[in-house]
Amino acid sequence: MVVEESVSMHTLHYTHSHNQSLDMTECEMPIGRTVKTALLRAQSESRVIVGLSAAINVLSKSPEGSLFCLMAVPKDGDSATHMHEVLLEAFCYENDIYVIKVDDATKLSRILGQESIESCCLVQKTWSGDQLEEHLNKAENQLVDYCEAHWDAPQHPIVQLPVV
């Protein structure tokens, strides 16, 4: 299920691929643009780890430092990468790292300014003070709300990233 969602403190708006809409409250920004905003901000602060191998390496050393794991929908036929992604996703859930599935690795890579196509990235946490308290910006707060709303869903929606 691919959805275009808008997130604010007040509203979630779901547009299903069957052109059915469900308004839960009043909307602010489509979730795909919120993801892009959060990624660009984190990247400008050097808090983005790009690539499956790099993400696995960072998580194996210090999972508590990661806030989000963004994963593109896997392409058919690459079973080895798919297995790594499934294990990565399970590891993230076990360590309370929010997983956000996105519609396209190419769009994700373009947002991050990558020349190669990367299927995932991690967004590291920002700490305030002496690393005792986590600090979230507005876009990250909205993404946390989005993730919390879908945490127990049997199948997580796939976020449509904006075209870059």
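Everything quoted here is computed from the prediction, not taken from an experiment. Heads up: numbering here begins at 1 and tracks the sequence.
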Quick one, [X] and [Y] - any side-chain contact, counting heavy atoms below 4.5 Å?
| X | Y | result |
| --- | --- | --- |
| Leu59 | Cys92 | yes |
| Leu67 | Gln124 | no |
| Ile111 | Leu40 | yes |
| His135 | Trp127 | no |
| Cys147 | Phe68 | yes |
| Val123 | Leu143 | no |

By side chain to side chain contact (heavy atoms under 4.5 Å, CB included) - contacts of [X] (at least two apart):
| X | result |
| --- | --- |
| Val73 | Ile158 |
| Ala139 | Thr34, Thr37, Ala38, Asn137 |
| Ile56 | Leu52, His84, Leu88 |
| Glu115 | none |

Contacts of type side chain to side chain donor-acceptor pair (under 3.5 Å), residue [X], not counting sequence neighbours:
| X | answer |
| --- | --- |
| Thr106 | none |
| Glu148 | Tyr98 |
| Thr126 | Arg47 |

Residues that [X] engages under salt bridge (charged side-chain N to carboxylate O under 4.0 Å, His left out), provided they are two or more places apart:
| X | answer |
| --- | --- |
| Arg41 | Glu45 |
| Glu85 | none |
| Glu118 | none |

Evaluate the side chain to side chain contact (heavy atoms under 4.5 Å, CB included) criterion for residues Gln43 and Leu112: first the C-alpha distance (whole Å), next the side-chain angles of each, then the deciding distance (0.1 Å), finally the verdict. CA-CA 7 Å; Gln43 189 173 39; Leu112 295 169; 4.0 Å; yes
Mind checking whether [X] and [Y] sit in one hydrophobic cluster, side chains of I, L, V, M, F, W, Y counted as touching below 4.5 Å?
| X | Y | value |
| --- | --- | --- |
| Val102 | Ile117 | no |
| Trp151 | Met71 | yes |
| Tyr93 | Val144 | yes |

Show your reasoning for whether salt bridge (Lys or Arg N to Asp or Glu O under 4.0 Å) applies to Lys125 and Glu140. CA-CA 10 Å; Lys125 294 177 180 176; Glu140 289 171 343; over 6 Å; no
Could you tell me the separation between the [atom1] atom of [X] and the [atom2] atom of [Y], rounded to the nearest 0.5 Å?
| X | Y | atom1 | atom2 | result |
| --- | --- | --- | --- | --- |
| Leu108 | Lys36 | CG | NZ | 12.0 Å |
| Ser66 | Asp96 | OG | CG | 12.0 Å |
| Ile49 | Cys69 | CD1 | SG | 11.5 Å |
| Gln160 | Asp104 | CD | CG | 10.0 Å |
| Leu70 | Ile100 | CG | CD1 | 4.5 Å |

Restricting to non-hydrogen atoms, name the atom on Cys120 and the atom on Ala55 that form the minimum distance, rounded to 0.1 Å.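 What the structure gives for the nearest pair is SG-CB, 4.1 Å.
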Write down the atom of Val48, the atom of Cys121, and the distance for their closest heavy-atom approach.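 Taking every non-hydrogen atom into account, CG1-CB, 4.1 Å.
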Check: Phe91 main-chain N/O paired with Asn95 side-chain donor or acceptor under 3.5 Å: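 Answer holds: yes.
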Counting only N and O atoms by type, is there a donor-acceptor contact under 3.5 Å from the side chain of Lys107 to the main-chain atoms of Val163?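 Not confirmed, Lys107 side chain does not pair with Val163 backbone.
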